[in-house]
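As the structure lists them, so they are numbered: ligands from 1, and atoms in each ligand from 1. Values in this document were obtained by computation on a predicted structure and should not be read as measured data.
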Amino acid sequence: MVTAQHKGATLQSAWREIRKQFTDAGIDTPTLDARLLVQSVLGLTHEELLMRPHQPLTPEQESTLASYTARRLKHEPVSRILGKRGFWKSFFKVTPATLDPRPDSETLIEAALKHVDKNKPLTILDLGTGTGCLLLSLLQELPQATGIGVDISAEAIDVAKENAESLGLTDRASFMSIDWNELQATPFDIVISNPPYIALAEEENLAPEVRDYDPATALFGGADGLDCYRDIVRLLPRVLKLDGLLFLEIGATQAKDVKGITGQAGLTMLHTIADLAGHDRCLVARYTPRPEIE
Ligand code: GLN
């Protein structure tokens, strides 16, 4: 039935038909998602799409669009269907090995830019880098900075390296596949991380877009979701300079618990920053251990 309706489809009729299917299926943003798929298959900008509503689709375009639509109806995110996601000011390659970058995580970039001097040759460590979106976006904004992104997934590191290459940042960004607990490094000026922080019991409450498509290793932070914060705090004396800054993404209800963990480790809390939905999303802390703690 879907194929029959798409026969002889124009841009506009295809967009409308797909939008209707997405609406009927309860997809959150049916108009946007349908548009992005149509645009991508035809290689058009949003403006071009609006200018040519009656352009017919070729049979190949119809068939690619039908397969993309079927994938989205199974709740695969548009970013995964297209293999890329816009984050901060650039597009990042996304694969099944990486977390799909979220707009919420841009809060960390905003926070970092508020706290650092753009013209200093700062060093940055990104723990659990995934696509590399946090480190690479920061390096784009801080022209003198350099950084390392680490991830336990070697496949994710390959993706991060590709992203560094396409953004022209290979001279300032390097990537390493390693369990962060094993990390030995000259301490950095900045540590930034969006670690896995969902409690295992929350799995059944996750949207299928997340549960079925983001890698579990990038989502779950143990029974209470806080395991990675405990790891990171243990790791800090080895990787963060005295007076260095820590930017941590946290889950919507975790501010109090994570502050408890960081407070015991010689970190002075500077700010908690909310995402657009109003949830505390980023903790900013300075590493100020007292001698006896260190
Ligand atoms: N922010 C993601 C979500 O809520 C989770 C990713 C993470 O655990 N860092 O789906």
Side-chain angles (χ1 to χ4, degrees), residues 27-29 33 72 75-81 85-88 92-112 124-138 149-153 155-157 159-160 163 179-181 191-233 235 246-259 261-262 272-285:
I27 302 280
D28 266 354
T29 49
D33 289 7
R72 186 69 191 100
H75 292 277
E76 183 169 352
V78 169
S79 51
R80 293 201 180 275
I81 297 169
R85 158 75 79 173
F87 179 85
W88 197 247
F92 290 83
K93 177 175 174 173
V94 176
T95 75
T98 66
L99 188 81
D100 187 2
R102 320 283 210 256
D104 292 343
S105 305
E106 294 177 348
T107 314
L108 275 76
I109 305 292
E110 282 171 32
I124 304 168
L125 173 65
D126 179 10
L127 295 170
T129 195
T131 58
C133 65
L134 289 177
L135 175 63
L136 295 171
S137 296
L138 272 183
V150 303
D151 203 291
I152 198 155
S153 160
E155 287 161 304
I157 287 297
V159 177
N163 283 324
D179 176 341
W180 63 34
N181 296 303
V191 171
I192 190 162
S193 183
N194 172 18
Y197 54 65
I198 296 175
L200 279 170
E202 289 296 318
E203 181 170 6
E204 61 193 38
N205 303 326
L206 295 176
E209 277 81 355
V210 175
R211 188 190 56 224
D212 299 341
Y213 293 97
D214 279 310
T217 44
L219 290 179
F220 299 109
D224 61 1
L226 302 170
D227 281 359
C228 292
Y229 301 113
R230 298 187 188 99
D231 278 356
I232 289 172
V233 152
L235 183 60
L246 173 68
F247 299 91
L248 269 188
E249 179 164 334
I250 57 169
T253 57
Q254 291 175 324
K256 188 162 167 280
D257 289 333
V258 180
K259 280 181 192 171
I261 294 170
T262 53
T272 311
I273 299 166
D275 61 24
L276 290 175
H279 299 125
D280 283 337
R281 186 59 63 185
C282 174
L283 296 188
V284 184

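- Salt bridge annotation for D280-K259: absent, with no cationic side-chain nitrogen under 4.0 angstrom from a carboxylate oxygen.
- Remark: E209 pairs with R72 by the salt bridge (charged side-chain N to carboxylate O under 4.0 Å, His left out) rule, at least two apart or across chains.
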Need the list: ligand 1 N/O atoms against protein N/O atoms, distance under 3.5 Å, rounded to one decimal.
{"residue": "ligand 1", "atom": "1 (N)", "partner": "Y197", "partner atom": "OH", "Å": "2.8"}
{"residue": "ligand 1", "atom": "8 (O)", "partner": "Y197", "partner atom": "N", "Å": "3.0"}
{"residue": "ligand 1", "atom": "8 (O)", "partner": "L219", "partner atom": "O", "Å": "3.3"}
{"residue": "ligand 1", "atom": "9 (N)", "partner": "N194", "partner atom": "OD1", "Å": "2.7"}
{"residue": "ligand 1", "atom": "9 (N)", "partner": "P195", "partner atom": "O", "Å": "2.7"}
{"residue": "ligand 1", "atom": "10 (O)", "partner": "R102", "partner atom": "NH2", "Å": "2.9"}

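- Applying the side chain to side chain donor-acceptor pair (under 3.5 Å) rule to T107 yields no partners; only residues at least two apart in sequence or on another chain are considered.
- Salt bridge D257/R230: absent, no basic N to carboxylate O contact under 4.0 Å.
- Every residue was checked against the side chain to side chain donor-acceptor pair (under 3.5 Å) condition with N163, not counting sequence neighbours, and none meets it.
- More than 12 heavy-atom neighbours from other residues, nucleotides or ligands sit within 6.0 angstrom of CG on D179.
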